There are 4 protein chains.
Amino acid sequence: MSKIDKKQAILDTALTLFVSQGFYATSTASIAKTAGVATGTLFHHFASKNELMNYLFLNIKQELATEIQSKSSNKGELQLDAEHLWNVAIDWAIANPLKQEFFQQYSMSPSIAAEIRQQAMTGILSFMGELITHGQKTGILANYPLSLMLEGCHGQYLAATRYFLDHPDKWQDVTHKQASFSMFWNAMKT
Amino acid sequence: MSKIDKKQAILDTALTLFVSQGFYATSTASIAKTAGVATGTLFHHFASKNELMNYLFLNIKQELATEIQSKSSNKGELQLDAEHLWNVAIDWAIANPLKQEFFQQYSMSPSIAAEIRQQAMTGILSFMGELITHGQKTGILANYPLSLMLEGCHGQYLAATRYFLDHPDKWQDVTHKQASFSMFWNAMKT
Amino acid sequence: MSKIDKKQAILDTALTLFVSQGFYATSTASIAKTAGVATGTLFHHFASKNELMNYLFLNIKQELATEIQSKSSNKGELQLDAEHLWNVAIDWAIANPLKQEFFQQYSMSPSIAAEIRQQAMTGILSFMGELITHGQKTGILANYPLSLMLEGCHGQYLAATRYFLDHPDKWQDVTHKQASFSMFWNAMKT
Amino acid sequence: MSKIDKKQAILDTALTLFVSQGFYATSTASIAKTAGVATGTLFHHFASKNELMNYLFLNIKQELATEIQSKSSNKGELQLDAEHLWNVAIDWAIANPLKQEFFQQYSMSPSIAAEIRQQAMTGILSFMGELITHGQKTGILANYPLSLMLEGCHGQYLAATRYFLDHPDKWQDVTHKQASFSMFWNAMKT
DNA sequence: TATGAATGAGCGTTCATTCAT
DNA sequence: GATGAATGAACGCTCATTCAT
């Protein structure tokens, strides 16, 4: 197993165990053992258990952000672009249930330092902010306070993905995906 | 200090410390010490740290449910009743910031057994479910899946209270009050 | 329940629990609860858990001693008297399996202060010592050191009762009872 | 101190403290401290205090078994072989008073799981069983039930070693040596 | 780089005992 | 005498982290 393989094995194992057992119930020893490396090896790659968690959190947030931005459409019509974005984000969640569950559990958890969460949130939602501001200027979106709308977006996304995680049979059903987008969109539109 | 006082002191202290430090970072010893009782006393009232947490969670959920139901209006027009309910719920959050922060952190956390969270959610949201079903029958609310809408409500509530907790001065402003309800209502209406 | 009933209930319960769970694994709270009294009541009757244990131990030893001495024969022929004594002792063990198991576990245990065990042992074996000395004087028993023979008697008794406790179906079989006496007697006779 | 040294130091210390204070009165912290290691080190080598106890018990039983079997004579005459075996076993007890005292206290104690005691007993006494069976077939030993005789052997051994541990000067005296064997042998012979 | 034995502060929990009622 | 809530020292055990190899 190469160096990079070991680091990745640690990250993969940590994700799985943090989600299934929780951060505090997962010992670094169990991560190392499950990943097939020695306890000391974990600490060569990550200075501490907290740093491993932070790295993992930012890593996954970045993965979602990259996915969304790489697949974003720009047809000029806000609602269509937003619907495309929403579908990409929901599809990612469905394709990565472990990572989505990780967000559900740790987005608000004190296991991750507030500053790290803030950093991730503003990073990933920066283009959301721009999109909303643009929509307000053109009169398509309601003139509610920006941070209220951002909180609303985040909440709607967590709620929708929670629904799809709890009802995996509904993934294929385009009706439900549209329903979730309607709730998201109607909440914000003029 | 009477028997009931001690149990309540433990609950009050646990709420404060769980919110400010997190469940795992709060030792039972520190709860007892801060509450002014012996460590053994905590375990005399609660079989374990987890049971204390579950009791606290259900207790606060019940408090909110009682508040909402005792102050509910029934004017016969769904939107007016919903707005009243929304205002009561947000008012409670503003008046009980610690308890609201507790929900933010622990509503999705593995620190509370899934079964307890489920129990609380169905208990407290049971009248929400009835309200939504009623609205759908009368054609006022959209016919999305019930659990998707319930998740949405919960998400919107957490998002709105997060906003108002972060911007306490905004709750006086009737514009913001109405804005938060509009997002909530528009997401669900036909 | 009268005062004496409560004390006796505590003793009976303690015997059962000490045997089934061990002295240290049995809390005074569980004794009190099982006996149907309050925790404080136990400490009205016994100054401490250790004193309860000592009282119980001496009580049971005394019960066996009384049984043996009240039923002793004195036909003048040592072997017949010894066999009678042996049978009475074995019968008592069979009739009181809990108390016999108690001896098995605690005769050598540090849960009972050495001085208490010594006191019980010399008390109950005092007539055994006299019996052996008499047998040696009349040439019927071998002239081994007295304390070696007393240890041997005690060991044989524990071994024989252990056998009967482990094979309850053999109680009725007079052959086995005779076998156990033969081993006991032959070890000591000239 | 090497790895093996630490494990052995823990075992040696545990033996000493378990014998002098009892299993429950000996804390793992005191074992570690006395052995000169950290508390965590004890649990690195033994999963629990109970496992340490079981390991210790089986270890010492095995040591005695190995001693007896490595020094066993096979002259073909049962009584001579038995006397040799007896002397070796008693010699070992005299040479290892701590370990013998450990047997006195824990052979019947609930501090050691019944299954472990059973395992040790059948393991160490397996050759005793064979020896007795052989003696019965050749008519030299009495036809008492095997397990009754095994219990008797065990009891006699504990009784004899208790005597010699209490009177260490007597083991030099060939008379006492022979006396103890005579009691053991006469109990079993035809 | 990788290892895993060693560390020891800190944890949740227990329980014999006390004492106000 | 009887009660049971309260006590707090002490327990077995965990685990993030270190470091000699």
Side-chain angles (χ1 to χ4, degrees), chain A residues 1-4 6-7 23-33 36-53, chain B residues 1-7 10 24-33 36-52, chain C residues 1-4 6-7 23-33 36-53, chain D residues 1-7 10 24-33 36-52:
Chain A
M1 203 190 279
S2 80
K3 176 176 24 167
I4 288 175
K6 294 207 173 189
K7 183 168 182 176
F23 179 70
Y24 284 98
T26 302
S27 67
T28 53
S30 74
I31 297 171
K33 192 175 181 182
V37 303
T39 56
T41 306
L42 190 152
F43 289 92
H44 273 291
H45 292 288
F46 306 97
S48 69
K49 190 187 179 185
N50 272 316
E51 191 173 278
L52 165 60
M53 178 49 127
Chain B
M1 203 191 281
S2 82
K3 179 182 8 172
I4 287 174
D5 284 345
K6 296 209 174 193
K7 185 169 182 176
I10 291 167
Y24 286 101
T26 303
S27 69
T28 52
S30 74
I31 297 171
K33 193 173 183 181
V37 303
T39 60
T41 306
L42 188 155
F43 290 94
H44 183 70
H45 291 288
F46 305 96
S48 67
K49 189 186 179 185
N50 271 314
E51 193 173 277
L52 166 59
Chain C
M1 202 191 280
S2 80
K3 177 175 26 167
I4 288 176
K6 295 207 173 189
K7 183 169 183 176
F23 178 71
Y24 284 97
T26 303
S27 67
T28 53
S30 75
I31 296 171
K33 191 175 182 182
V37 302
T39 55
T41 306
L42 189 152
F43 290 92
H44 273 293
H45 292 287
F46 305 97
S48 69
K49 189 185 179 187
N50 272 315
E51 191 173 278
L52 165 60
M53 177 50 128
Chain D
M1 201 191 281
S2 83
K3 177 178 18 169
I4 289 173
D5 285 345
K6 295 208 174 192
K7 184 169 183 175
I10 291 167
Y24 286 100
T26 302
S27 69
T28 52
S30 74
I31 297 171
K33 192 172 184 181
V37 302
T39 57
T41 306
L42 189 154
F43 291 94
H44 183 71
H45 291 288
F46 305 97
S48 67
K49 190 185 179 186
N50 271 313
E51 192 173 280
L52 165 60

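Proteins come first, then strands; the chains are lettered A, B, ... in the order of their sequence lines, and each starts at number 1. Quick caveat, the model's predicted, so the values are computed rather than measured.
- Here H44(C) contributes atom NE2 and T39(C) contributes atom OG1; the two are 9.5 Å apart, rounded to the nearest 0.5 Å.
- Atoms OH (Y24(A)) and P (dG10(E)) sit 15 Å apart, rounded to a whole Å.
- Every residue two or more places apart in sequence or in another chain that forms a ring-ring contact (aromatic ring centres under 6.0 Å, His included) with F46(B) is listed here: Y55(B).
- Taking the side chain of F43(A) as heavy atoms from C-beta on, and the options dT17(F), dT17(E), dG12(E), the nearest nucleotide is dT17(F).
- Between the P atom of dA5(F) and the CD1 atom of I10(B) lies a distance of 13 Å, rounded to the nearest Å.
- Residues forming a side-chain contact (heavy atoms from CB on, under 4.5 Å) with T26(D) (at least two apart in sequence, or on another chain): L17(D), F18(D), Q21(D), S30(D), I31(D).
- Computed from coordinates, the F46(B) CZ to dT14(E) P distance equals 15 Å when rounded to whole Å.
- One distance of note links OH of Y24(B) with NZ of K49(B); it measures 7.5 Å at 0.5 Å rounding.
- Residue H45(C) places at least one side-chain N or O under 4.0 Å from the OP1 or OP2 atom of dA2(F).
- Atom C1' of nucleotide dA10(F) and atom NZ of K49(D) are separated by 11 Å, given to the nearest angstrom.
- Ranked by how close their nearest DNA chain F nucleotide is to the 5' end, A29(D) and S27(A) are led by A29(D).
- The side-chain hydrogen bond (donor to acceptor under 3.5 Å, both in side chains) search around S48(B) returns none, not counting sequence neighbours.
- Note on T26(A): only backbone sugar-phosphate atoms sit closer than 4.0 angstrom, heavy atoms only; bases stay farther off.
- What separates CG of L52(A) from P of dC15(F) is a distance of 16 Å, to the nearest Å.
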Might you list the N or O atoms of the protein lying below 3.5 Å from N or O atoms in nucleotides 7-9 of chain E, with each pair's distance?
unit_1	atom_1	unit_2	atom_2	d
dT7(E)	OP1	K6(D)	NZ	3.0
dT7(E)	OP2	A38(D)	N	3.2
dT7(E)	OP2	T41(D)	OG1	2.2
dG8(E)	N7	T39(D)	OG1	3.3
dG8(E)	N7	G40(D)	N	3.1
dA9(E)	N6	T39(D)	OG1	3.1

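- In this structure, K33(B) atom NZ and dC11(E) atom P are separated by 11 Å, rounded to whole Å.
- Distance check, rounded to the nearest 0.5 Å: CG of L42(B) to NZ of K7(B) gives 11.0 Å.
- When the nucleotides dC11(E), dA16(E), dG12(F) are ranked by their closest atom to the side chain of T28(C), dA16(E) comes out on top.
- One finds the CG atom of N50(C) at 4.5 Å from the CZ atom of F23(C) (value rounded to the nearest 0.5 Å).
- Axis deviation across the helix from dA2(E)-dT21(F) to dT21(E)-dA2(F) amounts to 0°, comparing end segments of five pairs, rounded to 10 degrees.
- Rounded to whole Å, atom C1' of dC15(E) lies 12 Å from atom CZ of F23(C).
- A38(A) pairs by the side-chain contact (heavy atoms from CB on, under 4.5 Å) definition with T41(A), not counting sequence neighbours.
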